[in-house]
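The block underneath contains the structure these notes are about, expressed in structure tokens.
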Amino acid sequence: MDSIGENGADVGDRQLKSEMFDQLASVGKALANGKRLELLELLAQGERGVDALAQAAGLGLSTASAHLQLLRRAGLVVTRREGTSIHYRLAGWDVARLLQSLCTIAESHAPAVEKARAAYLNTRPHPAHDAPEISRQELMNMADDAAVTVLDVRPEEEYAAAHIPGALSIPVEELAARIAEVPAGRQVVAYCRGAYCVLAYEAADTLHAAGRPARRLHGGMLEWRANDLPTESSAA
């Protein structure tokens, strides 16, 4: 049994306690890599194969596989075999909440994070234009409003895996050519993968240039699912 020593020190089995914290640290180690965090953000959109994850994250196949295996050993992702293919998904939505919490804490206490995010957003063709944001709660309150179009600008496979109910799917790279599909005379709320995804910003820029004002959802699908909000799955 543990006991309390001088100055309140825990004098239980020191070796076992150290081993316990080492096991906790193994999860932290799995998170201590930017590409692995990016892979988790991608998996928050839905299950994917290694090839698709590697391409989306800009990684070689062997490098992506190594990162994913480390995440699996840490218990953050699980796999499913389909023939010769291995598909990955988050081990649970608590992993998405962990990733969201990490981002929130980093933004609050590490100024370099917000500086890096701002620099990334300024790489857009028209960074001077910033569409106003709408909160998740505001969008939920507007769920039955026929005067609002929710626009999912992620790739079609991500939309098919899970999207906000009733959302219209137009990948951002197709939006300029398909802008007539966005109903005129209605509010448009665009969303993408999460707070560190630029696609919704680019979509708002495209809509603004066409004279179609839009708002952006605060965060994206990562934060939506991390907060246990409703989704639906279907063919895009």
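What you are looking at is a predicted structure, and each value in this text was computed from that prediction instead of being measured. Values reported hereafter were calculated over all heavy atoms of this structure, with side chains retained and with hydrogens, waters and symmetry mates removed.
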Handout entry: Beyond-backbone contact of Tyr196 with Leu37, side-chain heavy atoms, under 4.5 angstrom
Key = no
Exercise for the section: Please check if atom CD in Gln55 has more than 12 non-hydrogen atoms from other residues, nucleotides or ligands closer than 6.0 Å. Expected result: no
Problem - SB check Glu223 Arg136 (cutoff 4.0 Å) - result: no
Practice task
Step by step, work out the side-chain contact (heavy atoms from CB on, under 4.5 Å) result for Lys35 and Leu59.
Solution key: CA-CA 9 Å; Lys35 280 300 181 182; Leu59 293 170; 3.8 Å; yes
Problem - 4.5 Å side-chain heavy-atom contact, Leu68 and Leu76 - result: no
Exercise for the section: For Thr104 and Gln100, test the side chains for any donor-to-acceptor distance below 3.5 angstrom and give the result as yes or no. Expected result: no
Handout entry: Minimum side-chain heavy-atom gap Arg193-Leu222 below 4.5 Å
Key = no
Exercise for the section: Please tell me if the side chains of Glu202 and Leu175 come closer than 4.5 Å, counting only heavy atoms from C-beta onward. Expected result: no
Handout entry: Within-4.5 Å side-chain heavy-atom neighbours: Ser234 and His163
Key = yes
Problem - Geometric cation-pi criterion, Arg72 with Tyr88: 6.0 Å, 45° - result: no
Practice task
Report the distance from atom CG of Leu70 to atom NE2 of His67, rounding to the nearest 0.5 Å.
Solution key: 8.5 Å
Problem - Within-4.5 Å side-chain heavy-atom neighbours: Leu40 and Leu71 - result: yes
Exercise for the section: Please round to the nearest 0.5 Å and tell me the distance separating atom CD of Glu107 and atom CG of Leu102. Expected result: 9.5 Å
Handout entry: Approximate separation, where rounding is to 0.5 Å, of Leu31 CG and Arg36 CZ
Key = 8.5 Å
Handout entry: No-hydrogen, no-angle side-chain donor-acceptor test under 3.5 Å, Glu138 and Ser135
Key = yes
Exercise for the section: Would you check if Pro230 and Pro165 make a side-chain contact, meaning some heavy-atom pair closer than 4.5 Å? Expected result: yes
Problem - Summary of side chain to side chain donor-acceptor pair (under 3.5 Å) pairs that have at least one residue in residues 22-32, sequence neighbours excluded - result: none
Exercise for the section: Say whether, by atom type as modelled, one donor and one acceptor occur between the side chain of Gln45 and the main chain of Glu41 under 3.5 angstrom. Expected result: yes
Practice task
Drop me the distance from Arg97's CZ to Asp94's CG, to the nearest 0.5 angstrom.
Solution key: 5.5 Å
Handout entry: Atom pair CG/CD of Leu99 and Glu38 - distance to nearest 0.5 Å
Key = 11.0 Å
Handout entry: CG-CZ distance between Leu42 and Arg154, expressed to the nearest 0.5 angstrom
Key = 10.5 Å
Exercise for the section: Using the side chain to side chain contact (heavy atoms under 4.5 Å, CB included) rule, pick out the option among Thr206, Leu199, Ile170, Leu207 that qualifies with Val153. Expected result: Leu199
Practice task
Take Val182 and Arg212 through the side-chain contact (heavy atoms from CB on, under 4.5 Å) test and state the conclusion after the steps.
Solution key: CA-CA 9 Å; Val182 182; Arg212 306 283 290 277; 3.6 Å; yes
Practice task
May I ask you to test the Val77-Leu43 pair for a side-chain heavy-atom distance under 4.5 Å?
Solution key: yes
Exercise for the section: Give a yes or no on this: more than 12 heavy atoms of other residues, nucleotides or ligands lie within 6.0 Å of atom NE2 of His218. Expected result: no
Exercise for the section: Under the side-chain contact (heavy atoms from CB on, under 4.5 Å) rule, what do Ile164 and Met221 come out as? Steps first, then yes or no, please. Expected result: CA-CA 8 Å; Ile164 295 174; Met221 184 52 62; 4.1 Å; yes
Problem - Lys/Arg-Asp/Glu bridge criterion (N-O < 4.0 Å) met for Arg216, Glu133 - result: yes
Exercise for the section: Output, in order, the C-alpha distance, side-chain angles, deciding distance and verdict of side-chain contact (heavy atoms from CB on, under 4.5 Å) for Leu139 and Tyr191. Expected result: CA-CA 11 Å; Leu139 186 57; Tyr191 75 91; 5.8 Å; no
Problem - Note: Lys17-Glu19 ion pair, threshold 4.0 Å (strictly below) - result: no
